[in-house]
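Lettering of chains follows the sequences in order, A, B, ..., and the numbering in each one begins at 1.
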There are 2 protein chains.
Amino acid sequence: MGRRQLWDRAEVLASAMGLFRRRGYQGASLRDIEEATGLHPGSLYRTFQSKDGLFQAALEAYNEQVVQGRVRVHLLEPTDPLAGIRSFFTSAFGTGLEPDPGCLLTNTAVESFTVPQAAAGVRQGLETIEAGFADALTRARALGTVPADLDVEMTSVQLLTLYQGLLVLVRAGTPITKLHTVTDGALASIGPRKRDSDE
Amino acid sequence: MGRRQLWDRAEVLASAMGLFRRRGYQGASLRDIEEATGLHPGSLYRTFQSKDGLFQAALEAYNEQVVQGRVRVHLLEPTDPLAGIRSFFTSAFGTGLEPDPGCLLTNTAVESFTVPQAAAGVRQGLETIEAGFADALTRARALGTVPADLDVEMTSVQLLTLYQGLLVLVRAGTPITKLHTVTDGALASIGPRKRDSDE
DNA sequence: CTATTTTGTGAGCAGTCGTTCAACTACCAG
DNA sequence: CTGGTAGTTGAACGACTGCTCACAAAATAG
């Protein structure tokens, strides 16, 4: 009974997500949101209560779709874990968009003072990524493509941190070649020991 | 001739800097700035033209004082370069402030879409840090505390990226122990080769 | 002293912010 | 059809935004 909802929640959250990524929470006004999603303030407030509510829903959707999706495709599923880690990194830059929207987790973490309610969502997303790295590294160790004594837990945190740093550099407009250098270095440092018995 | 300026430019920029670090460019209103600096809008606009102008002056001061100061103390001057790199990292977190203001460069890079004029200042600061790492690593190599074949340029970018990632985690409220783990890992990966002829 | 110049003060401007709400539209049960 | 209900619309609200400017205060020059 009653009128049917004319819009798709997932689509609206996707538009809002994109806007928040580009402009940040503070930088996206409700007028911007209205334009991006096509939703008028009434519908928006009926559903999400507030701008905050919409943002948290968008962050949740980002975790469930973007983050978990990328972790699955690049870190959990590939048969070659190291290649997966590499593609996880490289797929984070060179989107072609100008300026690069970066990562909603990274951007929100930095903006967190003004969006304290979002801290939990950010931490959850970061944990998902870290766990993905740990999974890939464990499998790589089993395959023998990384040293058997590699500290998986420590290396996962390391990769997560490096990844977040990359996303900062992306936002700073760093040339892609430099970002590739970072990716190469990351893999070199966890890959098979050099110096041991090279050629 | 004329009345004397009652306020100290460096002091005002320091207060503004702190405010921008905590709240970001967008999150710091002119009323906030007025309260933090003690400067009324008239004086502020007479000197800095706009909120943008003040921000750019604050970012410049941040580069010249905070960034260059820390690079000098931790990366250029220490006789033990690796210990310097470690203290450069550890001094970036555990400030005791809640929430941690993080780094103005990191925060501004992420917010850059809405502050495009600041991009140059951000890049300059990042370059200063990278050059500092390069200097420390070169000296470490000369001292033999890192492998002779270490790629200084590549490792510097690596450290810069990791450092920026750390500052993101700091803002996300990551526990200090984890941040220390990252620091330890960074030094372990550039330090003397393990596995070669240990014990 | 007066005239001139520089700086400080803060009320107030036009515009935008997040938010609300009364009128309106579309659907279902009876 | 009628009554009830859920959803849409957009004008409007008070609060706040970055910013301006007329005036007051303090310094120097003559």
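Residue pairs meeting the salt bridge (Lys or Arg N to Asp or Glu O under 4.0 Å) criterion with at least one member in residues 52-63 of chain B, sequence neighbours excluded, do not occur.
With hydrogens and angles left out, the side chain of A:Arg3 and the base of C:dT25 share a donor-acceptor pair within 3.5 Å. Applying the 3.5 Å distance criterion, the base of C:dG18 shares a donor-acceptor pair with the side chain of A:Arg31.
Distance CG (B:Leu6) to C1' (D:dA24): 13 Å, rounded to an integer number of Å. For B:Arg23 and D:dG18, the CZ to P distance is 12 Å, given to the nearest whole Å. If you measure from atom CG of A:Leu30 to atom C1' of D:dA11, you get 15 Å, rounded to the nearest angstrom. Summarising the geometry, the separation between CG on A:Leu54 and C1' on C:dC17 is reported as 16 Å, rounded to the nearest angstrom. Computed from coordinates, the A:Gln26 CD to D:dT17 P distance equals 11 Å when rounded to whole Å. One can place CG of A:Asp52 at 14 Å from C1' of C:dC17, the figure rounded to the nearest angstrom. The CD1 atom of A:Ile33 sits 16 Å away from the P atom of D:dT9 (whole-angstrom rounding). The distance between atom CG of B:Asp8 and atom P of C:dT7, rounded to the nearest whole Å, is 15 Å.
The two residues A:Leu162 and A:Phe89 come nearest to each other via the heavy atoms C-CE2, 4.3 Å.
Taking the six-membered ring where the residue is Trp, B:Phe88 and B:Tyr163 present tilted rings, their angle falling between 30° and 60°. Ring geometry, B:Phe55 versus B:Phe20: the interplanar angle exceeds 60°, so the pair is classed perpendicular (tilted spans 30 to 60°).
Residues satisfying the side-chain hydrogen bond (donor to acceptor under 3.5 Å, both in side chains) criterion with A:Ser29, sequence neighbours excluded, are A:Asp32.
For DNA chain D, the neighbouring residues in residues 37-50 of chain B, judged by any heavy atom under 4.0 Å, are B:Pro41, B:Gly42, B:Tyr45, B:Ser50.
Residue B:Gln5 is the one, among B:Gln5 and A:Asp32, whose nearest nucleotide of DNA chain C lies closer to the 5' end (criterion: closest heavy atom).
Residue A:Arg4 has a polar side-chain atom (N or O) positioned under 4.0 Å from OP1 or OP2 of C:dC28. Listed pair B:Trp7 / C:dT7 fails the phosphate criterion, with no side-chain N or O lying under 4.0 Å from OP1 or OP2. Distances shorter than 4.0 Å separate some side-chain N or O of A:Ser29 from OP1 or OP2 on C:dC17.
Under the 4.5 Å side-chain heavy-atom criterion for Ile, Leu, Val, Met, Phe, Trp and Tyr, A:Val170 and B:Leu166 are members of the same hydrophobic cluster.
Of the N and O atoms on the side chains of B:Ser156 and B:Glu130, not one donor lies less than 3.5 Å from an acceptor on the other residue.
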